[in-house]
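These notes concern the structure reproduced below.
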Amino acid sequence: TSGLFLMAFVIIVIDYARLKDKRWAAQIYKLFPMVFRNEEKNALTGSSAMIAGAAITSLLFDSGPAFAGIMCLSLGDSSAAIVGQAYSFRRQQLGLEASDGTSTPVVNKRKGKTVAGSMACLIVSALIVFLFITKDFSIVLLASGAATAMERWTPGRWDNVTIPLVTAGVLQFLVNWS
């Protein structure tokens with residue numbers, strides 16, 4: 001937990017400095033061109049929200065639920081992004097979705113969350129809960145459903161905070177209650 005808070009502090013300070021100093025920002029964009037999405041150029045990044053969400057989750061919950069919540073964020077949310085973008089890109093290739101005529105990578109053409117991405121998050125989150133927390137199907141379903149709901153309906157990068165918090169909270173309640 002201490003290490004996560006230290007990393008969160010460092011990352012948020014660097015991110016905040018990027019927003020305040022345009023020369024520093026130019027250097028960071030030059031060194032890490034693929035890290036920043038267009039909508040993050042003038043706001044804190046998803047990385048800052050992610051490390052903050054992990055640190056707060058680690059502080060508030062027991063180690064098992066906190067681990068599962070953080071892993072649902074790390075692996076479940078990432079799989080949602082990868083599968084969702086691949087699905088959207090594939091739809092464009094098949095002519096099912098109009099292309100905007102640019103050659104920018106698909107990550108810069110985000111149109112929202114896809115059902116395919118949400119299903120990937122659900123499957124990966126269910127595997128995490130099943131493998132590391134419990135074999136109880138109802139708990140697996142509720143916890144992975146909570147992670148998926150947060151991934152699907154939390155706006156922007158803020159799912160990086162809500163996924164681990166809500167998933168760990170649901171798990172801690174259900175495991176202690178059952």
Task: Within 6.0 Å of OH in Y29, more than 12 heavy atoms from elsewhere - done: yes
Open item on the list: When you group the ILVMFWY residues by side-chain heavy-atom contacts below 4.5 Å and let the links chain together, are L165 and M7 in the same group?
Closed with: no
- [ ] For the pair D136 and T134, evaluate side-chain hydrogen bond (donor to acceptor under 3.5 Å, both in side chains) and give the outcome as yes or no after the intermediate values.
- [x] CA-CA 5 Å; D136 183 324; T134 183; 5.2 Å; no
- [ ] Scan side-chain atoms only and decide if S118 and T148 contain a donor-acceptor pair under the 3.5 Å cut-off.
- [x] no
Task: Distance in Å, T1 OG1 paired with I56 CD1, rounded so as to fall on 0.5 Å steps - done: 11.5 Å
Open item on the list: With heavy-atom distances below 4.5 Å as the criterion, would you say the side chains of M50 and S74 are in contact?
Closed with: yes
Task: Straight-line distance of W177 CH2 to L171 CG, nearest 0.5 Å - done: 14.0 Å
TODO: Work out which heavy atom in A168 is nearest to a heavy atom in T57; give both atom names and the distance.
DONE: CB-CG2, 3.7 Å
Open item on the list: Please check this pair: side chain of D21 against backbone of R23, looking for a donor-acceptor N/O pair closer than 3.5 Å.
Closed with: yes
TODO: Return yes if some donor-acceptor pair links the side-chain N/O of K113 with the main-chain N/O of W153 below 3.5 Å, else return no.
DONE: no
Open item on the list: Any non-hydrogen side-chain atom of P65 less than 4.5 Å from a side-chain atom of D62?
Closed with: yes
Task: Separation between CD1 of I133 and OG of S144, rounded to the nearest 0.5 Å - done: 12.5 Å
Task: Expected output: side-chain E40 to main-chain G46 donor-acceptor under 3.5 Å - done: yes
Open item on the list: Distance check, rounded to the nearest 0.5 Å: D159 atom CG versus L73 atom CG?
Closed with: 7.5 Å
- [ ] Return yes if some donor-acceptor pair links the side-chain N/O of N176 with the main-chain N/O of Q172 below 3.5 Å, else return no.
- [x] yes
Open item on the list: Looking at N160 and A49, would you say the former's side chain and the latter's main chain have a donor-acceptor pair under 3.5 Å?
Closed with: no
TODO: State whether the side chain of T167 and the backbone N or O of P164 hold a donor-acceptor pair below 3.5 Å, judged by distance alone.
DONE: no
TODO: Spell out, as yes or no, whether a donor-acceptor pair under 3.5 Å connects the side chain of S58 to the backbone of A54.
DONE: no
- [ ] Kindly work out whether a path of hydrophobic side-chain contacts (I/L/V/M/F/W/Y, heavy atoms less than 4.5 Å apart) joins L131 to V170.
- [x] yes
Open item on the list: Would you say L122 ends up clustered with L142 if hydrophobic residues are merged whenever their side chains have heavy atoms under 4.5 Å apart, either directly or through other cluster members?
Closed with: no
Task: Result of checking L44, T45, V13 against R18 for side chain to side chain contact (heavy atoms under 4.5 Å, CB included) - done: T45
Task: Gap separating the CD1 atom of I163 from the CG atom of D77, nearest 0.5 angstrom - done: 4.0 Å
TODO: Can you see which heavy atom on G117 is nearest to which on V83, and at what distance?
DONE: N-CG1, 4.2 Å
- [ ] Compare all side-chain heavy atoms of F132 with those of M71 and state whether any distance is below 4.5 angstrom.
- [x] no
Task: Interatomic distance, T162 atom OG1 to E151 atom CD [nearest 0.5 angstrom] - done: 9.5 Å
TODO: Following the transitive rule for hydrophobic clusters with a side-chain heavy-atom cut-off under 4.5 Å over Ile, Leu, Val, Met, Phe, Trp and Tyr, establish whether L4 and V161 coincide in one cluster.
DONE: no
TODO: Taking atom NZ of K20 as the centre, report whether more than 12 heavy atoms of other residues, nucleotides or ligands fall under 6.0 Å from it.
DONE: no
Open item on the list: Using the rule that Ile, Leu, Val, Met, Phe, Trp and Tyr join whenever any side-chain heavy atoms are under 4.5 Å apart, tell me whether V166 and F61 fall into a single cluster.
Closed with: no
Open item on the list: If you define the side chain from C-beta out and look only at heavy atoms, does anything of L59 sit under 4.5 Å from F5?
Closed with: yes
- [ ] Write down the atom of V140, the atom of A126, and the distance for their closest heavy-atom approach.
- [x] CG1-O, 3.6 Å
